[in-house]
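Counting starts at 1 for both ligands and their atoms, following the listed order.
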Amino acid sequence: MVFEYAPAPESPSVVNFASSYGLFIDGEFVDGSGSPMKTINPATEEVLAEVATASADDVDRAVTAARRAFEGPWGKMSGAERSKYIFRIARLLAERSREFAVAETLNNGKPIRESRDVDIPTAAAHFFYYAGWADKLEYAGYGPSPRPHGVAGQIIPWNFPLLMLAWKIAPALATGNTVVLKPSETTPLTALLFADLLQQAELPPGVVNIVTGAGETGAAIAGHEGIDKIAFTGSTEVGRTIARQIAGTRKVATLELGGKAANIVFDDAPIDQTVEGIVNGIFFNQGQVCCAGSRLLVQESVHDEVVERLQQRLQMLRVGDPMDKNTDVGAINSEKQLARITELVAAGEAEGATSWQPECELPLNGFWHRPTVFTGVSQSHRIAQEEIFGPVLSVLTFRTPAEAAAKANNTPYGLSAGIWTEKGSRILWMADQLKAGVVWANTFNKFDPTSPFGGYKESGYGREGGRHGLAPYLKGEQR
Ligand code: NDP
């Protein structure tokens with residue numbers, strides 16, 4: 001049964017957005033030379049602020065400031081001193097977590113429950129974790145005196161704006177690099193609040209520079225000859241463009257790209273927990289997650305029971321206002337992303353799969369998509385092969401563990417996978433077969449700063465998080 005809940009809205013007044021933002025270069029907000037962009041709330045289409053666009057000249061100023069800081073105070077500072085700054089950033093983020101959570105939800109469309117309980121605390125945890133490494137680098141297993149590359153160019157997407165920023169900036173600072181970071185054009189606001197936080201932390205000017213803009217600004221960072229290292233998270237297509245752009249240069253790169261994860265359910269899996277795991281795997285953050293469990297592989301004998309229980313559970317999801325603390329599924333991040341989801345859902349129907357959606361009312365303004373489950377999906381369908389990046393689950397079946405492994409690996413991607421079974425030996429056997437950077441057993445979408453994350457095949461290369469996440473920022477340890 002579904003209980004009626006009274007609305008429990010979080011207050012938007014917790015955050016004060018400026019009406020316009022400049023670029024954060026050399027410790028100050030400065031004007032950008034491109035035409036300003038408006039950034040909106042995707043749940044209402046209301047304009048939240050105007051944001052500067054960085055031209056190639058602005059990127060050059062940012063890289064010059066980052067180089068100066070690298071050759072100046074930051075490069076000369078001991079790891080123990082760097083660590084104090086990173087701890088200070090972590091503490092300020094924890095102190096201002098409510099403000100950042102509200103800002104993230106307003107600009108991204110994700111439920112406040114997620115930004116409050118996952119995005120912001122995990123972002124702070126990354127800074128706490130890497131602060132601890134800054135004075136212990138010589139014990140990290142990368143030689144007696146590991147050295148930073150210099151200036152890191154970092155380009156991040158819109159699905160976890162602050163968390164991706166933390167994944168990039170925390171290890172870069174811990175290892176002694178300086179940074180020029182570009183947030184996505186649809187979600188720049190928490191990165192700009194973070195710039196304000198850096199002023200509060202009194203981080204030396206130029207150590208972190210934040211330049212806003214669209215794809216051209218990202219291309220100007222990747223192409224700038226003063227950049228030593230690129231860290232990119234986003235689509236496989238743009239990842240390929242960047243890899244081509246830097247081929248033959250001294251730049252090293254880590255690329256964290258798309259995924260099409262298999263979430264594999266065996267007939268002995270505990271059904272209630274499994275259904276929760278399936279829901280968390282694909283409807284968390286509206287399915288806009290590179291490691292989302294978007295392909296459900298269910299053992300044939302339990303297919304009908306799992307699908308029926310899943311549908312019952314989906315009827316209880318609350319879809320709507322992301323600022324309501326009861327909401328489970330919020331808005332899609334942009335009109336462009338909604339169009340992509342709608343196009344792939346139509347392709348699934350045209351190719352003969354059967355779609356099912358729970359009944360729910362969607363708000364009139366903003367970008368919304370109902371949770372969707374496709375059954376009768378075959379391996380060749382586009383919805384089984386392409387990354388949808390939305391709240392859409394494709395259900396396939398298998399009979400034996402070997403068939404499950406073969407089907408799970410039948411994708412150009414290899415980022416993550418899930419296994420649901422009560423047999424430990426089967427978990428270990430399956431995990432060994434799966435070509436995926438992260439394999440979750442009887443859980444899904446669990447993130448921890450101490451644990452490395454990254455892909456195989458077209459999901460990219462390099463690892464972020466954990467001790468492994470230091471390596472891409474150290475000379476001679478490119479991955
Ligand atoms: P993109 O790969 O286009 O965007 C990621 C980042 O790269 C953004 O900051 C973007 O800027 C920037 N960028 C765009 N073009 C270039 C370029 N030529 N050189 C350097 N940087 C560039 O992802 P989209 O937002 O367009 O999403 C498209 C698809 O990508 C999604 O449907 C999804 O499948 C996948 N995706 C995967 C993600 C993941 O976590 N692995 C994250 C996001 C998307 P801007 O936003 O300003 O255009």
Enquirer: Taking the minimum heavy-atom distance to atom 11 (O) of ligand 1, which of Glu386, Lys182, Met37, Glu185 ranks first?
Expert: Lys182

Enquirer: Apply ring-ring contact (aromatic ring centres under 6.0 Å, His included) to Trp74 and Phe70, showing your working.
Expert: CA-CA 5 Å; Trp74 194 250; Phe70 180 69; 9.8 Å; no

Enquirer: For ligand 1, is there an N or O atom under 3.5 Å from any N or O atom of Gln245?
Expert: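 Such a contact does not occur with ligand 1.
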
Enquirer: Starting from atom 19 (N) of ligand 1, which protein heavy atom do you reach first, and at what distance in Å?
Expert: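 Here the closest protein heavy atom is Ala219 N, 3.4 Å.
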
Enquirer: May I ask you to identify the nearest protein heavy atom to atom 28 (C) of ligand 1, giving residue, atom name and distance to one decimal place in Å?
Expert: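 Sorting protein heavy atoms by distance from atom 28 (C) of ligand 1 puts Ser235 CB, 4.2 Å first.
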
Enquirer: If the threshold is 4.0 Å, N to carboxylate O, is there a salt bridge linking Asp328 and Arg113?
Expert: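 Yes, Asp328 and Arg113 are salt-bridged.
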
Enquirer: Below 4.0 angstrom from a heavy atom of Glu387, which ligand 1 atoms are there? Numbered from 1 as shown, please.
Expert: 33 (C), 34 (O), 35 (C)

Enquirer: Mark yes or no for whether His381, through its side chain, and Glu351, through its backbone, hold a donor-acceptor pair below 3.5 Å.
Expert: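 Checking the backbone N and O of Glu351 against the side chain of His381, a donor-acceptor pair under 3.5 Å is found.
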
Enquirer: Do Lys110 and Pro322 have side chains that get closer than 4.5 Å, going by heavy atoms?
Expert: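 SC-SC contact between Lys110 and Pro322 ruled out.
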
Enquirer: Below 4.0 angstrom, N of the basic side chain to O of the carboxylate: do Lys260 and Glu458 qualify?
Expert: no

Enquirer: Using a strict 4.0 Å cut-off to heavy atoms of Thr233, name the atoms of ligand 1 that fall inside it.
Expert: 5 (C), 40 (O)

Enquirer: For ligand 1, is Gly213 a contact, meaning one of its heavy atoms is under 4.0 Å away?
Expert: yes

Enquirer: Could you list the atoms of ligand 1 found under 4.0 angstrom from a heavy atom of Pro157?
Expert: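 By the 4.0 Å cutoff, the relevant atoms are 42 (C), 43 (C).
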
Enquirer: Looking only at protein heavy atoms, which one is nearest to atom 46 (O) of ligand 1, and what is the separation?
Expert: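 Going by distance alone, atom 46 (O) of ligand 1 is nearest to Ser184 OG, 2.9 Å.
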
Enquirer: Give a yes/no verdict on whether any heavy atom in Ala214 is under 4.0 Å from an atom of ligand 1.
Expert: yes

Enquirer: Got a donor-acceptor contact below 3.5 angstrom from the Glu114 side chain to the Asn285 backbone?
Expert: yes

Enquirer: Report yes if some N/O of Val238 lies less than 3.5 Å from some N/O of ligand 1; otherwise report no.
Expert: no

Enquirer: Starting from atom 21 (N) of ligand 1, find the nearest protein heavy-atom neighbour and note its residue, name and distance.
Expert: Gly218 CA, 3.5 Å

Enquirer: What's the spacing between Trp167 CH2 and Phe447 CZ if we round to 0.5 Å?
Expert: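 Separation between the atoms: 6.0 Å.
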
Enquirer: Numbering the atoms of ligand 1 from 1, which are under 4.0 Å from a heavy atom of Trp158?
Expert: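 Checking each atom against Trp158, I get 24 (P), 25 (O), 27 (O).
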
Enquirer: My understanding is that only one of Thr175, Asn177, Thr254 makes a side chain to side chain donor-acceptor pair (under 3.5 Å) with Lys229; could you say which?
Expert: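 When side chain to side chain donor-acceptor pair (under 3.5 Å) is applied between Lys229 and each of Thr175, Asn177, Thr254, only Thr254 qualifies.
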
Enquirer: Looking at atom 38 (C) of ligand 1, what's its closest protein heavy atom, distance included?
Expert: Phe389 CZ, 3.4 Å

Enquirer: May I ask you to identify the nearest protein heavy atom to atom 26 (O) of ligand 1, giving residue, atom name and distance to one decimal place in Å?
Expert: Lys336 NZ, 3.2 Å

Enquirer: Name the closest protein heavy atom to atom 41 (N) of ligand 1, giving the residue it belongs to and the distance to 0.1 Å.
Expert: Leu257 O, 2.7 Å

Enquirer: I would like to know whether Phe127 and Phe194 meet ring-ring contact (aromatic ring centres under 6.0 Å, His included); could you show each step before the answer?
Expert: CA-CA 13 Å; Phe127 284 101; Phe194 184 78; 5.6 Å; yes

Enquirer: Would you check the N or O atoms of Thr186, main chain and side chain alike, for any that come under 3.5 Å of an N or O of ligand 1?
Expert: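 N/O-N/O distance under 3.5 Å: no.
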
Enquirer: Within less than 4.0 angstrom of ligand 1, does Phe232 place any heavy atom?
Expert: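 Yes, Phe232 has a heavy atom closer than 4.0 Å to ligand 1.
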
Enquirer: Could you identify the single nearest non-hydrogen protein atom to atom 9 (O) of ligand 1 and state the distance to 0.1 Å?
Expert: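 Protein heavy atom at minimum distance: Ile156 O, 2.8 Å.
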
Enquirer: Flag yes if more than 12 heavy atoms outside Glu335 fall under 6.0 Å of its CD atom; otherwise flag no.
Expert: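 Open: at most 12 neighbouring heavy atoms sit under 6.0 Å from CD of Glu335.
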
Enquirer: With a heavy-atom distance limit of 4.0 Å, tell me whether Gln337 approaches ligand 1 through its side chain, its backbone, both, or neither.
Expert: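 Side chain only.
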
Enquirer: Show which atoms of ligand 1 fall inside a sub-4.0 Å distance from at least one heavy-atom site of Arg340.
Expert: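 Answer for ligand 1: 32 (O).
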
Enquirer: Would you indicate whether the side-chain heavy atoms of Gln245 and Lys251 approach each other to under 4.5 Å?
Expert: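 Contact flag for Lys251/Gln245 side chains = no.
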
Enquirer: For the pair Thr53 (side chain) and Gly34 (backbone), establish whether a donor and an acceptor sit closer than 3.5 Å, ignoring hydrogens and angles.
Expert: no

Enquirer: Give me the one residue out of Gln286, Glu45, Gln337 that meets side-chain contact (heavy atoms from CB on, under 4.5 Å) with Phe367.
Expert: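 Of all the options given, the one that passes is Glu45.
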
Enquirer: Applying a 4.0 Å heavy-atom criterion (strictly less than), which segment of Glu237 is in contact with ligand 1: side chain, backbone, both, or neither?
Expert: neither

Enquirer: Out of the candidates Asn108, Thr187, Asn333, Asn365, only one should pair with Pro42 under the side-chain contact (heavy atoms from CB on, under 4.5 Å) rule; please name it.
Expert: Asn333

Enquirer: Protein heavy-atom contact under 4.0 Å for atom 4 (O) of ligand 1?
Expert: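 Under 4.0 Å from atom 4 (O) of ligand 1, zero protein heavy atoms found.
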
